[in-house]
Amino acid sequence: MTAPATFTVALANEAATAHLMADLALLVGPGDVITLSGDLGAGKTAAARAMIRYLADDPALEVPSPTFTLAQSYELPFPIVHADLYRINDSSELEEIGLSPLPEGTLALIEWPERAPDALPEDRIDIALSHRPALGSAARAAEITGYGRAAAQVARLSSLRKFLTEAGFLDATRERMPGDASTRSYARLIGDDGTSILMNSPRRPDGPAIYDGKSYSAAVHLAEDVKPFVAIDNGLRAHGFSAPAIRHADLDSGFLITEDFGSAGIVEGDPPRPIAERYEAATDMLAELHRKPLPETAPLTPHGAYQIPVYDIDGWLVEISLMLEWYLPDRGAEVRQERRDEFVAMWRTLLEKPAAAPRTWVMRDFHSPNIIWLGDRTGILRVGIIDFQDAVLGPAAYDLVSLLQDARIDVPEQLELSLLTRYIKARRVADSQFDPASFAELYAIMSAQRNTRLLGTFARLNRRDGKPQYLCHQPRIWTYLNRSLAHPALAAFREWYAANVPPPLP
């Protein structure tokens, strides 16, 4: 049995309480339970309110005490229930108010947990609040204890608070930032001298070791800690590209404080659409990156380097297997084993072409959510790059596909072709031996590989990770996939997909 983890925080005022609860919000999510104990007036509701407002990104959100309603629900980035058990006589009454069992996929904030101790889950975080009048009329102490699996969360919260203290950001105002499809989480830190970005990047392999003894993340060379981000960041900046400066780092714990590039993007409107000038600059940036002879390592520390992994055939095959494992079952499609084996064999042969192509740094998710427009800079320096921890050595066509077939927004085919031509012209100017036809073939192959993988990835995010918001992108991915399958080199694949892969639901 895991031993509890506990530490105590002095809270001088409501702002300190808000900072603590914002820090905890970075580390919890659906299915977690936080109990808030203490005497009347100890600040339990104020602490719950602070977390709810942070997650809502609304400091003025009305968050009433649930003393009389007993439970109050919120639909924020994920469902939250805020409960007050003061008027509960015993745990048998919890079923009547929908708290026994606790709702699945919901973050539960429970005041007065001592009123129903036998109903509490083994895995939970308890925050015991008490007055500290010697420190001021509004001063409190919070003793935070993690039980069961939550002990690791509390230990990480303690490490995070220590990191923020040593970096001089403990008193900074926190502003929630949207997360991504990974386990990372982010906050904007606002202080007297400007803003910075806090990244929480815990070390966590992605799934069980089912791919020849490797987890999915290891098999396809995804970052499992923060070190690749730091190394590639250092390398990009050293080669003259706009990656955020790293101001403070705890490489072992996985905490970073970086330069804040702001929030200006390369899309506009509702629904969002590409801003052509900004996509042109991003295309030019990739052409410049791919023109440079880049090393196979990136600087991690003053005396150490990070070996960038190779994007290889085995990794590509594991990625496309996600379509077989997750997308096809979601669409009710049954494919016989011999047809699956045929699919993998076809891909293994085709992927020999990109595997033999010249290698460069491939950032893998170089698309609109991960590009910040830095309008006060010039040229390609206006393209701010913020997501590259999964960088590998591979074919240049991959990142161009990521950009021109943006998974999150519709890129019109005419614009895609215009930007592809722009890229090819830039490469031809720098290298007279650059072969447009060969590159176009690699572009089609990498498009088919990436979009096949994304169909499976988005299905997995929905079914395994409880993130259904990614399903809306599948029809777009299907459109991109069929564009690439029109290339003559993919004729056999076009027939296989037509016979075996149903389109996504609209």
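Just so you know, these numbers come straight off a predicted model, no measurement behind them.
- Within the structure, every pair that satisfies the side chain to side chain donor-acceptor pair (under 3.5 Å) test and touches residues 291-304, not counting sequence neighbours, is listed here: Glu288-Arg291.
- Residue pairs meeting the salt bridge (Lys or Arg N to Asp or Glu O under 4.0 Å) criterion with at least one member in residues 122-135, sequence neighbours excluded: Asp123-Arg149.
- Checked against side-chain contact (heavy atoms from CB on, under 4.5 Å), Ala243 has the following partners two or more places apart in sequence or in another chain: Asp233, Leu236, Arg237, Phe388.
- Residues passing the ring pair (Phe, Tyr, Trp, His ring centres under 6.0 Å) test with Phe366: none are found, sequence neighbours excluded.
- Annotation: side-chain contact (heavy atoms from CB on, under 4.5 Å) contacts of Pro4 (sequence neighbours excluded): Thr145, Tyr147.
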Pairs of donor and acceptor atoms involving the side chains of residues 268-280, under 3.5 Å and at least two apart or interchain, shall be tabulated with distances.
from, atom 1, to, atom 2, distance (Å)
Glu277, OE2, Arg382, NH1, 3.3
Arg278, NH1, Gly265, O, 2.7
Tyr279, OH, Asp406, OD2, 2.9

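- Each side chain to side chain donor-acceptor pair (under 3.5 Å) pair with one or both residues in residues 255-264, not counting sequence neighbours, appears once here: Arg188-Asp260, Thr195-Asp260, Glu259-Arg377.
- Residues in residues 161-172 take part in these side chain to side chain donor-acceptor pair (under 3.5 Å) pairs, two or more places apart or across chains: Asp23-Arg161, Lys162-Glu166.
- Applying the ring pair (Phe, Tyr, Trp, His ring centres under 6.0 Å) criterion to Tyr86, with sequence neighbours excluded, gives Trp112.
- Every residue two or more places apart in sequence or in another chain was checked for a side-chain contact (heavy atoms from CB on, under 4.5 Å) with Ala238, and none qualifies.
- Listed by first and then second residue, the ring pair (Phe, Tyr, Trp, His ring centres under 6.0 Å) pairs that reach into residues 254-273 are Phe163-Phe255, sequence neighbours excluded.
- Counting only residues at least two apart or on different chains, no side chain to side chain donor-acceptor pair (under 3.5 Å) pair has a member in residues 52-63.
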